[in-house]
There are 2 protein chains.
Amino acid sequence: MLQQERHNKILDLLSQLGRVYATELSVTLQVSEDTIRRDLKQLDDAKLLRRVHGGALPLQQEFDEYRERHEEVDPLKKRVALAAIPFIKENQTILLDSGTTCLQLAMNLPTHFNFTVVTPSPLVATKLIHHNNIELILLGGKIFKPAVMALGATTNAMLRKIHFDACFLGICALHPNKGLSINNLDEAETLATIIEQSEQVIALGSSLKLGKMATHKVCDSNKLDLLVTDSNSDQHILNLLKEKGLQIEICAD
Amino acid sequence: MLQQERHNKILDLLSQLGRVYATELSVTLQVSEDTIRRDLKQLDDAKLLRRVHGGALPLQQEFDEYRERHEEVDPLKKRVALAAIPFIKENQTILLDSGTTCLQLAMNLPTHFNFTVVTPSPLVATKLIHHNNIELILLGGKIFKPAVMALGATTNAMLRKIHFDACFLGICALHPNKGLSINNLDEAETLATIIEQSEQVIALGSSLKLGKMATHKVCDSNKLDLLVTDSNSDQHILNLLKEKGLQIEICAD
DNA sequence: TTATTTCTTGCTTGTTTATGCCCGATTTGG
DNA sequence: CCAAATCGGGCATAAACAAGCAAGAAATAA
């Protein structure tokens with residue numbers, strides 16, 4: 001593991017746990033405590049954390065940064081998102097859904113080839129503004145605030161004019177027999193429209209979402225082509241989904 | 001294998017694995033470590049990755065965080081924005097343009113009554129997500145990155161279906177005789193469409209923008225109803241604008 | 001075609017960096 | 001206070017590095 005890579009991991013762990021111990025880190029990262037101590041010293045010098053006896057603490061954050069950090073960075077969602085990246089190919093047009101998992105995906109998109117991203121989420125769009133190699137298209141419509149995305153008739157009309165090579169959806173509930181579902185009717189309709197317009201449907205969701213059901217059905221599970229999830233998934237459910245024709249991708253732990 | 005080909009492979013591997021090691025690459029790609037080192041150096045120079053001891057890491061990330069942190073609020077623009085707020089009335093539908101001045105306006109909108117905000121800017125939309133009393137509508141279309149806004153035929157078509165009580169535009173250049181102008185053609189067309197759909201046109205711009213001209217004309221200055229600017233404005237220009245029928249609002253110092 | 005130039009690559013050399021280990025000093029928690 | 005954990009600095013070593021050189025490939029000119 002590279003030194004920088006280790007530094008990033010340490011900062012990741014720090015922001016997740018709120019504190020890190022030197023001994024613990026040396027075990028997790030498979031290096032000596034001396035190295036960890038040097039790492040922590042460097043990170044402290046770089047003002048990226050505050051060194052204390054036995055480990056390190058996060059720096060005092062600014063107000064909105066604090067809020068931003070606190071709002072998200074579920075490590076599980078990030079891992080699922082990262083596992084989905086290889087399915088994006090050069091010159092494709094893909095749709096990125098709203099939701100924290102897709103936001104993670106957006107923040108880690110490949111930078112070295114060109115493709116087009118369409119999104120109903122102003123948040124996702126904002127994250128991609130500085131990404132030079134993508135063409136970015138925003139879906140218009142009334143913003144449904146709980147999901148931070150454009151929804152409804154206008155959005156659906158615009159969607160029907162676009163054909164996607166793939167769509168990436170952060171799922172709310174997926175049941176082998178009952179299909180994909182969600183708790184808001186308009187959202188369900190927009191998702192259904194997205195799926196109709198997509199060559200390949202890629203669902204992202206932690207194991208917690210599998211076998212669950214929500215109020216409004218979006219589509220049958222066989223409409224999905226690929227599910228990216230984590231290793232805690234119920235094997236029985238996965239097998240049922242495989243029978244429905246889904247390819248399953250398990251993210252790294 | 002060609003050099004270029006190798007570079008692409010390296011970037012591929014990097015985006016898949018999240019990191020690459022020089023030694024590992026020299027084995028995989030069947031070249032000496034020196035060559036790999038030179039490759040990595042070139043790719044780093046080209047800003048396609050970040051070289052570190054032992055290998056390389058993806059670039060990207062921290063970019064928007066960095067940007068946001070260093071995005072200083074121009075106090076002048078903020079004052080101009082604040083002076084425009086009283087012109088928003090209850091139950092109106094207003095359009096908020098892209099640009100830093102309108103972003104300031106967005107962050108200071110009244111919270112005690114209801115109205116509708118339409119915007120082509122994902123940045124403005126993001127700032128308004130947590131604002132409970134407004135209905136938020138996003139304009140769709142291809143994002144023009146330099147201006148961070150949706151532009152073009154799709155955007156204009158969507159605009160033509162909406163009637164605004166007022167639009168708030170951050171202006172680039174306003175000349176009494178030559179009218180309102182801007183440096184991008186598509187942006188000019190979209191602005192013109194916005195103005196056509198608006199009952200009242202409110203222009204926000206510091207004194208620096210007055211008497212100036214840019215490449216593409218948007219409209220004559222008499223199409224504007226109100227100009228909000230600062231006290232350093234050239235009195236002569238202001239008089240000419242008043243003759244054209246504009247109301248002038250000078251912000252506090 | 002041949003000659004010349006430019007690029008690319010691998011090798012050699014000496015240098016720098018990252019890491020683990022050791023040991024005396026410091027801090028921590030009873 | 002003590003004992004254990006943690007720390008800091010010095011040292012050794014192996015890996016990674018930068019720079020220069022020469023051979024061969026590719027591009028260009030004659």
Side-chain angles (χ1 to χ4, degrees), chain A residues 1-61 75 78-79 82 90 108 110-114 132-133 252-253, chain B residues 1-63 66:
Chain A
M1 181 182 300
L2 301 169
Q3 190 186 43
Q4 286 298 324
E5 204 182 344
R6 212 172 45 231
H7 287 188
N8 291 338
K9 279 220 194 311
I10 290 173
L11 292 172
D12 263 349
L13 286 168
L14 183 58
S15 80
Q16 282 167 35
L17 307 172
R19 101 277 109 134
V20 285
Y21 302 119
T23 35
E24 200 179 272
L25 284 174
S26 84
V27 175
T28 322
L29 303 176
Q30 303 276 0
V31 287
S32 71
E33 290 188 33
D34 303 78
T35 301
I36 294 294
R37 242 176 260 122
R38 274 184 280 248
D39 286 341
L40 294 181
K41 179 165 183 354
Q42 286 175 44
L43 292 170
D44 181 80
D45 289 344
K47 305 265 158 73
L48 294 170
L49 49 71
R50 193 160 59 88
R51 187 69 226 273
V52 294
H53 194 94
L57 294 172
L59 283 180
Q60 194 73 347
Q61 300 284 351
K78 182 168 181 181
R79 287 209 309 276
L82 290 175
E90 186 157 13
N108 292 281
T111 53
H112 62 287
F113 59 78
N114 301 315
N132 293 322
N133 289 331
D253 278 329
Chain B
M1 180 183 295
L2 300 172
Q3 190 185 40
Q4 193 59 47
E5 207 178 333
R6 210 171 47 231
H7 286 189
N8 290 336
K9 267 242 173 341
I10 290 174
L11 292 171
D12 255 342
L13 288 168
L14 181 58
S15 82
Q16 279 173 35
L17 307 173
R19 103 270 112 139
V20 286
Y21 305 125
T23 38
E24 198 179 272
L25 285 174
S26 84
V27 175
T28 321
L29 303 178
Q30 302 279 357
V31 287
S32 72
E33 290 189 31
D34 302 78
T35 301
I36 294 295
R37 250 179 246 121
R38 275 183 279 247
D39 287 341
L40 294 180
K41 180 163 182 0
Q42 286 174 42
L43 291 169
D44 181 81
D45 289 344
K47 304 270 161 73
L48 294 171
L49 49 71
R50 190 159 61 90
R51 186 69 226 275
V52 296
H53 193 94
L57 293 172
L59 211 53
Q60 211 191 1
Q61 231 151 34
E62 268 126 315
F63 206 85
Y66 168 87

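Proteins come first, then strands; the chains are lettered A, B, ... in the order of their sequence lines, and each starts at number 1.
Ranking dG8(D), dA16(D), dG10(C) by closeness to the Ser32(B) side chain, first place goes to dG10(C). Set against dA16(D), dT19(C), dT6(D), the side chain of Arg37(A) has dT6(D) as its closest nucleotide.
Side-chain atoms of Arg38(A) come within donor-acceptor range of the base of dG20(C), with a qualifying N/O pair under 3.5 Å.
Toward the 5′ end of DNA chain C lies the nearest nucleotide of Asp34(B), the other residue of the pair His53(B) and Asp34(B) mapping further downstream.
The residues Glu5(A) and Lys9(A) are annotated as not salt-bridged, no charged nitrogen and carboxylate oxygen being separated by less than 4.0 angstrom. Using a cut-off of 4.0 Å between Lys/Arg side-chain N and Asp/Glu carboxylate O, Lys41(B) and Asp44(B) are scored as not salt-bridged.
Distance, Glu33(A) CD to dG9(D) C1': 17 Å, rounded to whole Å. Taking atom CG on Asp39(B) and atom C1' on dC17(D), their separation rounds to 15 Å, with Å as the unit. Following rounding to the nearest Å, Tyr21(A) (OH) and dA4(D) (P) show an atom-to-atom distance of 21 Å. Atom CD in Gln42(A) sits about 8 Å away from atom P in dT19(C), given to the nearest Å. Rounded to whole Å, the distance from NZ on Lys41(A) to C1' on dG10(D) is 15 Å. The nearest whole Å value for the distance from the CG atom in Leu25(B) to the P atom in dC17(D) is 11 Å. If you take CG of Leu40(A) and C1' of dG8(D), they are 14 Å apart, rounded to a whole angstrom. As a whole-Å value, the separation of Arg51(B) CZ from dA16(D) P is 10 Å.
Atoms CG and CD, on Asp39(A) and Glu33(A) in that order, are 12.5 Å from each other to the nearest 0.5 Å.
Side-chain nitrogen and oxygen atoms of Thr35(B) include none within less than 4.0 Å of the OP1 or OP2 phosphate oxygen of dT9(C). Side-chain N/O atoms of Gln3(B) include none lying less than 4.0 angstrom from OP1 or OP2 on dC7(C).
Arg6(B) places no side-chain N or O within 3.5 Å of a backbone atom of Ile10(B) that could act as its donor or acceptor partner.
Ser32(B) and Thr35(B) form a side-chain donor-acceptor contact under 3.5 Å, judged by distance and modelled atom types alone.
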